[in-house]
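Values in this document were obtained by computation on a predicted structure and should not be read as measured data.
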Protein chains: 2
Amino acid sequence: MFIELDLQSEVPIYKQLADQLIEGIASGKLSSGQPLPSVRTLAADLGINLHTVNKAYQALKQEGFLEIHRKQGVIVQPGSLPSADEAFRERLRRDLRPLAAESAARGMSEDELQELLLSLYRQIQNPSSQGGTSP
Amino acid sequence: MFIELDLQSEVPIYKQLADQLIEGIASGKLSSGQPLPSVRTLAADLGINLHTVNKAYQALKQEGFLEIHRKQGVIVQPGSLPSADEAFRERLRRDLRPLAAESAARGMSEDELQELLLSLYRQIQNPSSQGGTSP
DNA sequence: CTATCTGTTATACTATATATATAACAAGTA
DNA sequence: TACTTGTTATATATATAGTATAACAGATAG
């Protein structure tokens, strides 16, 4: 897998994992219906506990990004991915708010902030254009 | 004060407080050099513990948004506010990244996401245009 | 049918973060 | 001197995060 964890980070491991799986979906590295490693396999690969992987999988299943079946294991949502509904937008606003506020307090302009976000968004959708090990 | 806490939120109280103080600075409701309530006074006002207020104050002092003097108490940075330097931008990118990724995964377009952020930014800089108790 | 793999559940334990509660200290001020 | 300030030090309670084992039930390959 393409997962890279920072065990020293203050960001919980299960959240780093869930975030990177979502990023994989957003970028297309994980495609609809694609199977993911079992909780035991991925845990062993990453050197973490089975329950930590399971916690990330469960969170993404809850959000609708994954489906989980017996024996078949975990697969990326084969149907339509969850939408940016009002509930998500509200959560998004709540999370963005303190970031926008501190940016403003530090004198970052609208344009600068938007530019930074746009750059991130595009980098996520087209990861090959960034930091790759090209010849 | 204008602080409103949600004691049931999963967001730590000291972070809610720090965030709203920064938002006060960004909006101009808190101006340069303005004194803030003592840790004991504000704690009593908000119905929380002195140390929780102190934790928020210390974090903002550490970032450079506040100055703290003996007896004179706590004041908003009278000099120049902290800038949006590269360290901040890096932290900002790290925090924005999972939000941008999930937005993309849910099919939210660049424009929609930028629009939402822009709306928030402006709402913060001009809070009187939102949710006020107008006649 | 049997062995094996899957997610799932249940305990138990440790460590850390959050929040509160008291108490005391040192410095500045009226 | 008396009071308020931030600061420091303990102690306690709770929740979250992470690990470690163990066991269970369903699906599948042999």
Side-chain angles (χ1 to χ4, degrees), chain A residues 1 3-21 30 33-78 91 95 98, chain B residues 1 3-21 30 33-78 91 95 98:
Chain A
M1 293 280 288
I3 306 294
E4 287 184 14
L5 301 178
D6 177 4
L7 301 184
Q8 310 309 320
S9 170
E10 74 280 9
V11 180
I13 299 177
Y14 78 93
K15 183 171 192 307
Q16 293 182 47
L17 177 52
D19 285 345
Q20 292 186 38
L21 289 175
L30 296 178
Q34 177 173 343
L36 294 183
S38 77
V39 290
R40 289 176 177 84
T41 302
L42 185 51
D45 273 14
L46 300 175
I48 61 178
N49 191 273
L50 161 166
H51 294 101
T52 306
V53 174
N54 189 245
K55 189 169 181 176
Y57 278 176
Q58 286 300 326
L60 295 186
K61 169 191 169 191
Q62 179 65 25
E63 284 201 69
F65 286 109
L66 300 182
E67 274 190 6
I68 304 182
H69 305 90
R70 290 230 164 258
K71 183 61 185 176
Q72 185 182 4
V74 181
I75 59 175
V76 178
Q77 177 59 249
R91 174 159 63 84
D95 291 346
Chain B
M1 292 280 287
I3 307 294
E4 287 183 16
L5 300 178
D6 177 5
L7 302 185
Q8 310 309 320
S9 170
E10 74 282 9
V11 180
I13 299 177
Y14 80 92
K15 182 168 192 309
Q16 292 183 47
L17 177 53
D19 285 345
Q20 291 186 38
L21 290 174
L30 296 178
Q34 178 174 342
L36 294 183
S38 76
V39 290
R40 289 176 177 83
T41 301
L42 185 51
D45 273 15
L46 299 176
I48 61 177
N49 191 272
L50 162 165
H51 294 102
T52 306
V53 174
N54 189 246
K55 189 169 182 177
Y57 278 177
Q58 287 300 325
L60 296 185
K61 169 190 170 190
Q62 179 65 26
E63 284 201 68
F65 286 110
L66 300 181
E67 274 190 5
I68 304 181
H69 305 90
R70 290 233 163 255
K71 183 61 182 177
Q72 185 182 2
V74 181
I75 59 175
V76 178
Q77 177 60 249
R91 174 160 62 85
D95 291 346

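Taking all atoms of both residues into account, the shortest heavy-atom contact from Q20(A) to I3(A) is OE1-CA, 3.4 Å. When every heavy atom of V76(A) is checked against every heavy atom of L66(A), the shortest pair comes out as CA-CD2, 3.9 Å. Considering all non-hydrogen atoms of both residues, V53(B) and L42(B) come closest at CG1-CD2, 4.0 Å.
A close approach under 4.0 Å does occur between a side-chain nitrogen or oxygen of T52(B) and OP1 or OP2 of dT20(C). Taking only side-chain nitrogens and oxygens, N54(A) never comes nearer than 4.0 Å to OP1 or OP2 of dG7(C).
Counting atom types as modelled, H51(B) pairs a side-chain N or O with a base atom of dA9(D) as donor and acceptor under 3.5 Å. A donor-acceptor contact under 3.5 angstrom links the side-chain atoms of R40(A) to the base of dT8(C).
Between the CD1 atom of I13(B) and the P atom of dT16(D) there is a distance of 14 Å, given to the nearest Å. For the pair L5(B) CG and dA19(C) P, the interatomic distance rounds to 10 Å; values are reported in whole Å. As a whole-Å value, the separation of L60(A) CG from dG7(C) C1' is 15 Å. Rounded to an integer number of Å, the gap from E10(B) CD to dA19(C) P is 12 Å. Distance NZ (K55(A)) to P (dG7(C)): 18 Å, rounded to an integer number of Å. Atom-to-atom, NE2 of H69(A) to P of dT28(D) comes out at 11 Å; the value is rounded to the nearest Å. Remark: P of dT18(C) and CG of L50(B) are 17 Å apart, rounded to the nearest angstrom. Atoms OH (Y57(A)) and P (dG18(D)) sit 16 Å apart, rounded to a whole Å.
Taken from CD1 in I75(A) to CG in L30(A), the straight-line distance is 12.5 Å, to the nearest 0.5 Å.
Within the 4.0 angstrom heavy-atom criterion, only backbone atoms of the sugar-phosphate kind lie near Q58(B); the bases stay farther away. Across all strands, K15(A) comes closer than 4.0 Å to no nucleic acid atom at all (heavy-atom distances). Y14(B) comes within 4.0 angstrom of the backbone, heavy atoms only, and of no base.
Closest approach to the R70(A) side chain among dT5(D), dA25(D), dG18(D) is made by dA25(D) (side chain taken as heavy atoms from C-beta onward). Side-chain atoms of T41(B) lie closest to dT5(D) of the nucleotides dT5(D), dA17(D), dA19(C).
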Run the side chain to side chain contact (heavy atoms under 4.5 Å, CB included) check on L21(A) and Y57(A) step by step: do they pass?
-> CA-CA 9 Å; L21(A) 289 175; Y57(A) 278 176; 3.8 Å; yes

